[in-house]
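Data block below; observations after.
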Amino acid sequence: QREHGGTGLGLAISQRLAEAMDGELTVSSTPGQGSCFTFRLPLPEPLPTSQQKTSPDGTPTENPEVHAKDRMILVVEDDPSTSTLLRKMLEHLGYTPEFAFHGREAVERFSSGKYSAILMDMRMPVLDGLEATRQIRALEDSETHTPIIALTANVMPGDRDRCFESGMDEFLSKPFQLAGLSETLSRLITH
């Protein structure tokens, strides 16, 4: 008979993901029989029937407004675990995330004009978030402004100032919570 075991690191990460998304992770275990892990998340309310689109046979179809430009978010993050967390959070909030792994890639992707906001890590390889923000701002014309939100573990007094001086609109410290991310995006994205 084979014994199963581990360090518990995966469970700790799962617990952090659940908490960050305003959910919970519970466990029930019986020695010799096994364990059951339950992951619960609050889900957004469905659209009222008046806002849902229907096909000719009367079945609901996707509302095209939900997938419009105001739902596309560019995430510029080189850390895979933070990217995974942001993907889950953004999808939970009804946004469609796309990813860039360094600042130069962010500037290239920005040129498509399809993002309603950018979540930008400050420290990355190739081109950091501050310089990427400066380059994006230089590409914008007087009629466009894409909100850029700094994501950083740097909480020194000058870090926030450097973010705003580069052209960023907001600052979220890591680790961040779902509620804070939701409020920030709702406030900065104009529909």
Side-chain angles (χ1 to χ4, degrees), residues 20-21 44 47-48 50-53 61-191:
M21 294 174 11
L47 288 172
S50 63
Q51 291 182 9
Q52 289 182 350
K53 306 285 184 194
T61 60
E62 289 188 12
N63 184 344
E65 295 171 10
V66 172
H67 298 289
K69 177 184 181 274
D70 65 346
R71 308 312 291 172
M72 295 292 294
I73 306 292
L74 177 60
V75 178
V76 189
E77 173 63 61
D78 64 323
D79 179 62
S81 60
T82 302
S83 295
T84 299
L85 176 61
L86 283 167
R87 176 184 302 280
K88 292 181 183 306
M89 287 180 152
L90 290 168
E91 288 174 349
H92 176 74
L93 293 171
Y95 294 100
T96 302
E98 289 190 4
F99 293 84
F101 301 100
H102 54 74
R104 184 171 298 139
E105 187 180 359
V107 174
E108 291 167 3
R109 285 179 173 269
F110 170 78
S111 300
S112 70
K114 66 181 180 178
Y115 303 107
S116 59
I118 300 171
L119 299 175
M120 180 82 72
D121 188 21
M122 280 180 61
R123 293 188 179 185
M124 295 174 291
V126 183
L127 187 67
D128 71 24
L130 299 174
E131 183 56 32
T133 298
R134 288 184 197 99
Q135 291 184 22
I136 287 170
R137 293 299 181 225
L139 293 172
E140 289 181 321
D141 58 39
S142 60
E143 296 178 17
T144 61
H145 180 83
T146 303
I148 300 177
I149 302 156
L151 299 176
T152 182
N154 297 339
V155 290
M156 300 302 287
D159 292 329
R160 184 180 293 265
D161 293 338
R162 283 194 298 280
C163 288
F164 293 136
E165 287 167 5
S166 73
M168 293 180 177
D169 300 280
E170 192 54 82
F171 183 97
L172 286 176
S173 298
K174 296 176 185 178
F176 41 85
Q177 299 293 317
L178 180 67
L181 179 63
S182 176
E183 185 278 327
T184 301
L185 289 172
S186 297
R187 181 167 37 85
L188 293 178
I189 296 174
T190 56
H191 300 284

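In this structure, the side chain of Glu91 does not engage the main chain of Pro97 through any donor-acceptor pair within 3.5 Å. Side chain of Arg71 to backbone of Gly94: a donor-acceptor contact under 3.5 angstrom is found. Looking at Thr184, its side chain does come within 3.5 Å of a backbone N or O of Gly180 through a donor-acceptor pair. Ser166 contributes a side-chain N or O that, together with a main-chain N or O of Cys163, makes up a donor-acceptor pair within less than 3.5 Å. Between the side chain of Thr133 and the main chain of Met168, no donor-acceptor pair closer than 3.5 Å is present. Without hydrogens or angle criteria, Thr84 side chain to Pro80 main chain gives a donor-acceptor distance under 3.5 Å. Within the 3.5 Å criterion, the main-chain N or O of Met124 finds no donor-acceptor partner in the side chain of Asp78.
Residues His102 and Asp128 bring no donor and acceptor atom of their side chains to less than 3.5 Å of each other.
Remark: Asp169 CG to Ile148 CD1 distance equals 6.5 Å, nearest 0.5 Å. Note that the OG1 atom of Thr152 and the CZ atom of Phe171 stand 5.5 Å from one another [nearest 0.5 Å]. Distance check: Ser182 OG to Gln177 CD gives 12.5 Å after rounding to the nearest 0.5 Å.
In this structure the side chain of Thr146 never reaches within 4.5 angstrom of the side chain of Ile136, judged on heavy atoms. Between Ile189 and Ile73, some side-chain heavy-atom pair lies under the 4.5 Å cut-off. Between Met120 and Ile149 the shortest side-chain heavy-atom distance does not fall below 4.5 Å. You'll find the side chain of Leu139 reaches within 4.5 Å of the side chain of Ser111, heavy atoms only. The shortest side-chain heavy-atom distance between Leu90 and Thr96 does not fall under the 4.5 Å cut-off. Considering only heavy atoms from C-beta on, Arg187 comes within 4.5 Å of Glu183 through its side chain. Between Leu181 and Leu86 there is a side-chain heavy-atom pair separated by less than 4.5 Å. At a threshold of 4.5 Å between non-hydrogen side-chain atoms, the residues Leu188 and Glu170 count as touching.
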Audit row: Phe176, Met89, side chain to side chain contact (heavy atoms under 4.5 Å, CB included) steps and yes/no: CA-CA 11 Å; Phe176 41 85; Met89 287 180 152; 3.8 Å; yes
Test salt bridge (Lys or Arg N to Asp or Glu O under 4.0 Å) applied to Glu77 and Arg123, step by step: CA-CA 9 Å; Glu77 173 63 61; Arg123 293 188 179 185; over 6 Å; no
Derivation and outcome, salt bridge (Lys or Arg N to Asp or Glu O under 4.0 Å), residues Arg137 and Glu140: CA-CA 5 Å; Arg137 293 299 181 225; Glu140 289 181 321; 2.9 Å; yes
Side chain to side chain contact (heavy atoms under 4.5 Å, CB included) between Leu119 and Leu74, worked out: CA-CA 6 Å; Leu119 299 175; Leu74 177 60; over 6 Å; no
Residues Leu151, Met122; criterion side chain to side chain contact (heavy atoms under 4.5 Å, CB included); working and verdict: CA-CA 7 Å; Leu151 299 176; Met122 280 180 61; over 6 Å; no
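Scanning all heavy atoms of the two residues, the minimum distance from Thr144 to Asp141 falls at N-OD1, 3.0 Å.
The list of salt bridge (charged side-chain N to carboxylate O under 4.0 Å, His left out) pairs with a residue in residues 94-113, not counting sequence neighbours, reads Glu98-Arg109, Glu98-Lys114, Glu105-Arg109.
Each of Phe101, Tyr115, Phe99 was evaluated against Val75; a single residue qualifies, Phe99, per the side-chain contact (heavy atoms from CB on, under 4.5 Å) test.
In summary, Glu131 and Arg134 engage in a salt bridge, as defined by a charged side-chain N under 4.0 Å from a carboxylate O.
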